[in-house]
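Data block below; observations after.
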Amino acid sequence: MSTEEKSAAPRSLAEALRVRDDVSLAALLRSRPDLITPVPTDLTQLATRAGTRASVVRALERLDRFALQTAEALAVAPDPASYGELLGLMAGDEEDPAVAAALPRAAALLREQALVWGADDRLRLVRTARELLAPSPQHPSPTGLGPTVREATAGMSPGRIQEILAAVGLPSTHDSVSAVSALGALFADRRRMAALLAGLPAESREVLDRLVWGPPYGQVTHDPAAHLRALLDRGLLLPTAPGTVVLPREVALHLRAGRAHRAPEPVPPPVEAAATHRPQVVDATAAGQALAALATVDELLKEWDEGGPSVLRAGGLSVRDLKRTAVALDVPEPVAAFWVELAYGAGLIASDGEADERYAATPAYDEWRELPPAERWARLAGTWLTATRTPGVVGGRDAKDRTLSALGPNLDRSAAPEVRHRVLALLAGLPEGASPVAESVLARLRWERPLRGPQQQRETGTGAARDDDLRSRIARWTLSEAELLGVTGRGALAAPGRALIGAPEAPRPATADDTVEPEGPGDKLPVHHHRTPPVTAPPTPAERAAATATAARLLAPLFPEPLDHVLLQADLTAVAPGPLEQELADVLGVLADVESKGGATVYRFTPGSVRRALDAGRSAADLHAFLARHSRTPVPQPLTYLIDDVARRHGRLRVGAASAYVRCDDDATLDEILADKRAAGLGLRRLAPTVLAAQADPAALLEGLRAIGFAPAAESAAGDVLIARADSHRTPPRAAPEPVPDGPPAPDDTLLTAAIRAVRAGDLASTTPRKPGPAGEDGGGEDGTPGGTLPRTGAAETLATMQAAVLTGEALWIGYVNAEGAASQRVIAPIRVEGGFVTAYDHTADEVRTYPLHRVTGVAELADDAG
């Protein structure tokens, strides 16, 4: 490297950022949005923020496995390291071609994210990242390497170091520093190191083989065996503490053929197809699941229509209420938790806020029911895709060992939206109609976002993370929830699901192979490789709305037309061969009980269900007309008799509030009630031949008489029959829960442009050379660069300098204090000075501004070479 090139090489991360163009800075800020929260004043502050521990940890956690392996290799490389040294650590002495081909991308990614800076001959990992990734006894490196010879011998006596030199055949030196350097050079020399190892006993080589891939630490006794003594004498094992030895990094790298990792992973693992189906079958299956999802949510909301379960004191549903909900929906409890959370996330249910707080439907539920079915589904699916609340953790434990309850706090997992979207994107990359092997999806996600830290990894030779990490669990839940919701069908992504994530339609045209389905998962199917997903801005609300609208449009033709009829059968059942019109479904839901669900819904008529319809204000004639109008089969005679029989007895008894009473025109019926032992608990006594008084309240009296076998009707104080249909209970208007973001939101293009302009302008103000003023006045250094304080000049000198700059057109460096008292430094080109104000082009803000002169602390002229 020439003298000019050395002088041009960046000496710090700030200088490296300073030579970047706006596109490169925008890529950095987009991938690390915490760096502009708030917007830094200049590039020096940006570089400082990029090196903070919290920001570096977040950036490292978002690297793919190979990029992270590259950073780990740089952490054990010399500082600085050349690209050739990095290539040797990653590809080894044999130079793996796949690693060599992928390394430029990984190095460029680290440099783009400001984790690495410097030219290719002087690559530097930022100090905080090196501290996090470099091996230490407290925090072993994922590479399995130990300390260098220099680090391991830091506390060793000079005499002992000289003894090691003599044992390996090196001449003695006059100081420990040169001795350690000579020993390190020997261990790094492949030829001499091979000769040294060749003279060791086989038992000694076995010890080295056990330590070579880590952990590099071992235990020895105070009187080690001969094969261990041979290693200690030659410095191949160095003591770090009493009874503890370590394999030096240089020795391990020789034994590893130069590789920092046992198995570098330059290429992401492929997502494999388990089975393939015709796209039409996938879409039809998904549409059926979508219809079932709408029916399930509707059934849940009807269950809670008059007020649902109580809210726990700490928030959420009790375990008992969740079990009851699961029984009512006929699903397992985890699935019930999913539907409850989905309805909550969509804003369809919430707590009512009353003193006896309960969950209930919101006014938004009534609006949702009026939407077409496809739009209702799109709203649910869009909510699921972006929600951070994660139903899968329900039943687990929080940090304080408390059970996590459905609808309760602490269910947000900020990684959930990203994982869901990425899982669906991986499915979209498969051939149309192909379902994935779940384990291959999890392996791909672990490659794209590997976990860090020994407590989260197990050394398997590949550095694969454990299967119980949060992202893997969310991915598993995503695959099952997408199937429940109808985003996928038979495991493959359906056309509406593809539109939901904004993926383009599958480009592969239909072929003859589409009509042949594999017999099982063992069939050989094509394997597909994918690139690492680029860092892109999240979709805007408008883009999400457009995606859900497209998904609804694609789903609508897949839904069957709602039916306006049922098939009545002689066994007091009605069969709905498909989805019913909303009005028909509502009335039938009151008149009959659902006996089974599926492709066809079976309703059963019972005396209780018919009485429920009569209580709701329907007459027997209304019910006969309704059934005749909507049945494609003749109304069975048993059903007609059932309605007439229940209607004949309905309302003969009247229950009102005295505290409660029963009246009936037929006193024989009252005699029958008094004689029935089952009525003893109601506390009945005769007040008149046609009136009984009760100690129970009207509601309990109604239920008690119905349990005995009578069909009483409630009446008002005026003697009119009350319609027993309860009013739907609604909460006050509630907003749906907002997702909890994973750190600062990604900036949009407008914010990026403004932030980059502000940072560059602030950097100009802080780095532009200026003419040195009197000592202590401008705070500048001897080289004319701005110092750490604002320029200070008197009012007269400030005014004179401003007026002169208007005539000459020169730029000035000023200090300015705004109305809030915040001080800043700016570079301005004065245009006009009058009335106590200066109007100037502000290079810092890149616009023309007007400043009060009394807020200018001072002014300094820029140096002649300021450019």
Side-chain angles (χ1 to χ4, degrees), residues 289-312 316-352 356-362 365-366 368-369 376-377 380 384 389 391-392 394-395 403 405-408 411 480-481 484-486 573-574 576 579-580 582 585-613 615-616 703 706-707 724-731:
Q289 288 294 112
L291 270 179
L294 293 179
T296 303
V297 173
D298 206 32
E299 184 178 356
L300 169 67
L301 271 296
K302 286 180 179 177
E303 284 286 327
W304 294 6
D305 201 38
E306 300 173 15
S310 299
V311 181
L312 291 175
L317 282 180
S318 67
V319 175
R320 181 179 301 175
D321 286 329
L322 181 60
K323 288 181 178 179
R324 289 173 178 168
T325 302
V327 171
L329 298 180
D330 193 22
V331 295
E333 290 176 38
V335 177
F338 167 70
W339 294 120
V340 168
E341 282 289 338
L342 181 63
Y344 176 65
L348 305 182
I349 59 175
S351 59
D352 58 12
D356 181 18
E357 196 170 17
R358 309 181 73 84
Y359 288 106
T362 65
Y365 168 59
D366 299 310
W368 178 77
R369 291 195 71 202
R376 282 191 283 156
W377 176 87
L380 293 178
W384 168 76
R389 291 184 63 86
V394 171
T403 301
S405 57
L407 302 183
L411 294 188
S480 60
E481 292 168 359
L484 283 173
L485 197 53
T573 61
L580 300 177
Q582 191 66 50
D586 290 342
V587 176
L588 198 58
V590 175
L591 179 58
D593 298 325
V594 176
E595 189 169 79
S596 66
K597 295 177 290 186
T601 305
V602 177
Y603 296 86
R604 178 165 295 279
F605 300 94
T606 65
S609 68
V610 174
R611 184 176 62 242
R612 186 171 63 228
D615 287 344
E703 293 301 321
R706 286 171 178 171
R725 180 183 61 229
D727 292 333
S728 298
H729 181 56
R730 294 289 181 265
T731 70

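Note that the coordinates shown come from a computational prediction; the quantities given were computed from them, not determined experimentally. Heavy-atom basis, side chains included; hydrogens, waters and symmetry copies ignored.
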Rounded to the nearest 0.5 Å, what separates atom [atom1] in [X] from atom [atom2] in [Y]?
X	Y	atom1	atom2	value
K302	R369	NZ	CZ	5.0 Å
L300	Y365	CG	OH	9.0 Å
L348	L342	CG	CG	8.0 Å

In chain order, what residues pass the side chain to side chain donor-acceptor pair (under 3.5 Å) check against S310, with sequence neighbours excluded?
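Applying side chain to side chain donor-acceptor pair (under 3.5 Å) to S310 gives R358.
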For E357, give me all partners under side chain to side chain donor-acceptor pair (under 3.5 Å), at least two apart in sequence or on another chain.
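For E357 the side chain to side chain donor-acceptor pair (under 3.5 Å) partners, ignoring immediate neighbours, are S351.
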Would you call [X] and [Y] a side-chain contact if the rule is heavy atoms closer than 4.5 Å?
X	Y	answer
L322	V394	yes
L301	V297	yes
L329	V335	no
Q289	W377	no
F605	L591	yes
W384	L484	no
W304	V340	yes

Starting from the C-alpha separation in whole Å, work towards a yes-or-no answer on side chain to side chain contact (heavy atoms under 4.5 Å, CB included) for L380 and W339.
CA-CA 10 Å; L380 293 178; W339 294 120; 5.7 Å; no
Taking all atoms of both residues into account, what is the closest heavy-atom pair of [X] and [Y], and its distance?
X	Y	value
I349	Y344	O-CD1, 3.4 Å
L317	L407	CG-CD1, 4.0 Å
F338	P391	CA-CB, 3.7 Å
S405	G316	OG-CA, 3.8 Å

Please list, chain by chain and in numerical order, all residues satisfying side-chain contact (heavy atoms from CB on, under 4.5 Å) with R612, sequence neighbours excluded.
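Only V590, D593, S609 meet the side-chain contact (heavy atoms from CB on, under 4.5 Å) criterion with R612.
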Go through the structure and list residues passing side-chain contact (heavy atoms from CB on, under 4.5 Å) with S480, not counting sequence neighbours.
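Partners of S480 by the side-chain contact (heavy atoms from CB on, under 4.5 Å) criterion come out as none, since no residue qualifies.
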G347 backbone acceptor or donor facing T362 side chain under 3.5 Å:
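Yes; at least one donor-acceptor contact below 3.5 Å.
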Please name all residues satisfying salt bridge (charged side-chain N to carboxylate O under 4.0 Å, His left out) with E299, sequence neighbours left out, ordered by chain then number.
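So E299 forms a salt bridge (charged side-chain N to carboxylate O under 4.0 Å, His left out) with K597.
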Between L312 and D321, does the side chain to side chain contact (heavy atoms under 4.5 Å, CB included) criterion hold? Intermediate values first, please.
CA-CA 10 Å; L312 291 175; D321 286 329; over 6 Å; no
Electrostatic pair R376:D298 at N-O distance under 4.0 angstrom
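No, R376 and D298 are not salt-bridged.
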So which pairs with a foot in residues 330-349 pass salt bridge (charged side-chain N to carboxylate O under 4.0 Å, His left out), sequence neighbours left out?
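Non-adjacent pairs meeting salt bridge (charged side-chain N to carboxylate O under 4.0 Å, His left out): E341-R389.
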